[in-house]
Every structure is written in structure tokens, then in C-alpha cells.
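Here is how names work: the chains are called A, B, and so on, in the same order as the sequence lines, proteins then strands, and each is numbered from 1. All values below were derived from every heavy atom in this structure, side-chain atoms included, with hydrogens, water molecules and symmetry-related copies excluded.
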Amino acid sequence: MLQKFYTNYIKSMRYFWIVACIAIGTLAWMNINGYRIFTNNVSKWNQAGAGYHK
Amino acid sequence: MSTKQILKCEYCSHNIDYLFEEFNIITCSNCKALNKVKDGVILKHNNFSIDACSRLQKLWTDLSIQPSANNIAAPVLGIIEMNYNEGVMHVFFAHQTTLQVYVHFEYAWYLVSLVKEPLVSNKLSYIKAGDFADLFVLQKSFIINKERLQRLAYAGNVQLTTEVDKTYIIEHTIENKHFLTFLQGEFSSASWLLQSIQAPILNKPILHRMFTYVCTVCQFENHVISFPNSRSFICQCKRAYSITANDAVDFVKKMSNYEVPYLEIGSTCLFDDYTYTLIGHVRKIDKDEFTWNEFTCWNDAKGFLYLSEYNGHWIKLEPMKSKYYIATQRTKLSKYVYEEGREFDLFNSYESDIQCASGVFAGNILNDQEYSGVEYIAPPFMWTFEKPQSESISAFKGISITAKQLQAAFNKPLDLPAQIGIGAVERIKGTNDLVSIAMSFLLATILLIATHILTSRGHRETLLLSQSITLANATETKFVTPIFNLEKSHSNIEIKLYSPLDNAWLENEYEIINTITGEVINAEQGIEHYSGYEGGESWSEGSNEDVKIISYLPKGNYKISISTQADSFRTPAFYKIIIKYDVSMTKNLVIILLLLAIPTLIYYLYSYHKEVQRWSNSNYSPY
């Protein structure tokens, strides 16, 4: 049964699963690092602030 | 059942071991004469005509059979060879604790058990292949094959259940049970239940032999290496011959069309570790004048294998004797047949004629030249059921092979026809059926949700600040938060802004300052809310609140400088700001799922497009 499952849904759609694995890995990385996808105009690094004095 | 009696030979009075009461023919080990036995007594043989096969008789004495289930060689006590129109059947009586009967025909092996159910004898002589008939009480059998028994030969000790005279061998199936019944006139003399088994090992190659015939016209020496399973051949001088049950050769006709096939007859090819010899070629033509090529290959151990070519697409087909029950499904005019839960869709039905042929063929293709066939597909697999006029139904299971695989099998470059379109069961890279695509997407969704839940569990959602700041008609204010320590290597902060706006706006500029490194992150957040009553309808736009995420923030000590600008006409009384650290982000999951849906949709549309192309050759296209 596992063999059949592997043949029908994994092996025959291996390109889909490559994309899906990348998606799963990306989601895990984003969640772990607090990264939000498409955070448009939200955060911007400003190195000019290096001269800021406390 | 074992009896172990001693009987005296009718011819030489020598003692004969009578081991099993099932035997009704026993052979004297001294004079080799055959004795007929009934109820443990040797009968007078006055009217007993012996058709013992000398070839078999020479072999049976040291023959042993070794079933693949165990390693114990069982001596063969006797053999029956039954010749019929299209081939030959061998029955082996082996001594393995009890008497075991094995049958071998059309290159499949079966273990036999006798069926003791009463048989209905009404109108049995009229049944033909493809019918449902009452061979057993209250059970309809699907008739696979009906063959006239033409010659019976035996050697050793055997149980002879039939005679040659007016006897038909009926191969039939009920659900997934496979039977052989011997009919003499209206009555059945025996019925066997066949249990398909792996090929046992015989210590002597007796099941087939080379048949050689020198053409009387062109003097070409024709070798029928698959005899007696092949009973027809076409000489290079276009003369077609058939081999009779008595091994005589009859001239049938001179073929009008003859051509040298592009795969050379006599060449060898390797499939599944077995070396086959290409022995024959047939080009068939259907009513719509579509033509396709079929090449017959032969291996001594495996039997026949066929290579079918249409528009440059190749299918490797093998006879499927043990799965005839699948053929019964199609008689219900179903658009599908099923094999182990897998659906095969009706793709094609045809009536074909032989356009040209050369070499040697399975059975006797010269008996009937018109064939009707039906094909079911579940790419890359195919089931084909073919029925020559008034003959047996043949079932084949095929699998698509590429021209490259074919060249590898023949181990030489081949001049093959160019490919046109998409083959009936061709594997198309990057395609799949809708169910598989949907199931895969569903599974990926489950895995993504699980990943999201697991990786979001560590989020603390620490409250850093919750404060209301009074504006008191000031349109610009500045506020600096206390210093926060952000511990995680990287995480985010969520800033929730609320203000009771009434047709006004408010905008915050944030400077998120790392107090150790001095690095600054700038961000903006604005809210606006307007409402009114116009044309009899009230309206509103914007919102009193907004949530902003500052993501991927490295660990460190931070403070946030908040500069506020508010609408000078309707300055709100206050705004409230709530800042949380390390919050989970469900939006990530939603966006990833939407992104994954795009290639899934492309995958499906591409598959659909290719399937439409595949089915354009079919009259039963679901598209």
C-alpha cells in the first residue's frame, strides 16, 4: 500500500514535491526567524543610524 | 488418495506399484506397456487403443517437478499431452506426499483441484468464447476459450478423464476463479479448478520443441521455435502454412502482401532479464484504415511477448492467462475495467484485418484473419482483449516503452518509425491525473499546516508595551519607549495602533533603535477613517486601527522612538499602541499555500492539455 502511495502520489509528481518541500522549508524558516513574507514598506534597515548617540 | 496396491501387468505379469487410486492408466516398469485400471483391477485391453506418445514415454521415468514453493523434487508419475487447434496443454501427475496435478498451457502454470459440483448439460455444445453459460449450477461462467481436442498422448501413470472423440476443452471463469471443463457432447467428463502458481522447475525441457519445415517451393528452411504453441507460419516466398494436430503441414494460401519488417525476424531482444527471439510480424488494419504493427517474440521459459507500434509509439504486451476475470467486466459494456482497484478507461474498440504478415505466430492466425479488439488504458498500462472470429478471447497487459528502451532491448541501433502525436499509454513527463494532483496538493497542505503549527509553538507573544497616549489637540508628539531586551536570534515585533478617529487621520513614524549597536530601523504606520451620509446612504472607509509587523529583527536591546502626526482639523483625543514580541504569523501559511496552488494549477492544466491530445485518437474521449 505504501509502495502504491509512493508510486501514485510521490514518484509520479516528484517535481511538484520538490516545490512543496521548498515551500515547507521556507515556511519553517520564516516562522522560526520571525520573518513575514511580503512585509511591504514595513521594515527598512538604515545604516545611517550608525552615527546615532544614546 | 494413496493405495499402494501391487497389480500384475496385463502383458508381462510383472508386478506394478499402484500408488494412487486416482490413476486409471498405469505403465509397467518392465515392458513399458500401458494398462487400464478401474476400481483397482486391471481391465482386459481388447478395445483399448493406446495413443501413448513415444517422446513423452522416453522422458517420464526420470522426470521430476520442483514446485517453487519448496525445494523438494517430486517425481513425475505421468504426463498427458493434449493437442488442440491453437496449441498444446501438458498435465503432470507428481508424487508429493499426496498426488498433485499440475497443468501447463499457454506458458502459465496451474495447480489443479477437481471440482465435484454437478454440471448443467443443457445446450453446452452451442456455447462459444465471450458467452456467459451455466456450466455450474446457479453460477454463470464467462467462456474464455473453447477448443476442440485433437490429439491426446500420455505416458506413465495418469488419470485420464476424457477421450479425444468429440471433446471440447472449455476454459472459463467465475469471478476470479479459473476453470477448465472437458465436454463430450452435452456432458462434462471433468472440471478442474486452476490455481495460478509460479513456474515450477522441470528437470527436462519437454514442453516445446523446434519444428522445422523445408518449403517445397523455395526450399527455405522454416524453423518454428515456439512449436507447438505456434501452428502457423509464412515462408519468405509468401506461402502461408499451418501445422495440423498430427504435425503435418498444410499449405493455406499465398499472401498477397509481403514485406520485410523493419525489426528483423530472428533478431534477439532482452526484456526483464529474459532473451526473446523475434519470430513474426503482422500489420493489422482496421475499418478506418488505421494500421499498426505487431511483432511476436518468443522465449523458451516465458513464452510469447508482443511489441505493438502505432505512429511510432511502442507498447510491450504480455498474455495474461491468470487474469481473465478482468475480461468479464468488459462484457457488461462497461466503459471501465478494474485491476486491483486501478481503473482502466475504455480507449478503443476495433475490428481489424491482417494487411501483411511474415514469420511465425502464436496459435494459428491463418484460421481467422478478422479480429475484434477492445483496449482499456491507465497510462502507462493497457489492457487489450482480442477475439478472432469464433476463437478464444486473448487478454494482454501492456506497458508503454520508449524507442530508446526498445533500442536498448535489441542492443543495436534500429531504424524505427518517427513518432507522431501522443501514444495511447505513453508516459508524458510532468503530467498526472486530477485525483493524484488534488491528493498531492491536499497532502502538501496538511504538511504545511503541520509545519506551521510546529514552528509557531515556540512563539512567546511577549507584551512589550500597552499604552494610551493623549494628544490633547497636539498635531505632533514624540514618545520614546523603555528599552526592551529581544532574546531570540531573530524574531519579529507586532505594533497594533488604535485611535478613535472621526473623519481624520493619524500617522506614526517609528525608529527602532538598537541601543548597543546604534542601528536604526525605520517604519511607518498610518490609520484613517472617514464616514458620512450621502444620497440617502451612509458610507465609511478606512479603519480606526492597524497592525504592523517588523520582521526578522536580530536579538539585542531596543527602544522605539514614536513620532506622531495627527489631522489638524479633527485631532483625535488619544491613540493606543500595543507592542508584542515574537508573534506567530498565519499570513505566511496562507501566502505559501496560495503560491503552491499556482504550480499545482499549471501542473493540472498542462496534464489536462496533454490528456486531451492523447484522447484525440479515441472514439471514447471524456474530453
Checklist entry - Who wins among B:Leu593, B:Ile592, B:Asn588 for the most heavy-atom pairs under 4.5 Å with chain A? => result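 Ranked by contacts with chain A, first place is B:Asn588.
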Checklist entry - So which of B:Ile493, B:Leu589, B:Leu447, B:Leu443 has the largest heavy-atom pair count under 4.5 angstrom toward chain A? => result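 Counting heavy-atom pairs under 4.5 Å, the top option is B:Leu443.
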I'd like to know if the side chain of [X] pairs up with that of [Y] as donor and acceptor (distance under 3.5 Å, no hydrogens or angles considered).
X        : Y        : answer
A:Asn31  : B:His452 : yes
B:Gln525 : B:Asp546 : yes
B:Thr564 : B:Asn508 : yes

Give, as side chain, backbone, both or neither, the part of [X] having an atom under 4.5 angstrom from any heavy atom of chain A.
X        : value
B:Phe441 : both
B:Ile495 : neither
B:Ile437 : both
B:Leu454 : neither
B:Leu448 : both

Checklist entry - Is the B:Tyr338 to B:Trp383 ring centre distance short of 6.0 Å? => result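 Centroid separation for B:Tyr338 and B:Trp383: 6.0 Å or greater.
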Checklist entry - Quick one: does NZ or CZ of B:Lys559 land under 6.0 Å from the six-membered ring centre of B:Phe484, within 45 degrees of the ring axis? => result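 The answer is no, since B:Lys559 fails at least one limit relative to B:Phe484.
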Checklist entry - Which residue pairs satisfy the salt bridge (Lys or Arg N to Asp or Glu O under 4.0 Å) criterion with at least one member in residues 488-498 of chain B, sequence neighbours excluded? => result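 Checked against salt bridge (Lys or Arg N to Asp or Glu O under 4.0 Å) - neighbours excluded - the pairs reaching residues 488-498 of chain B are B:Lys488-B:Asp582.
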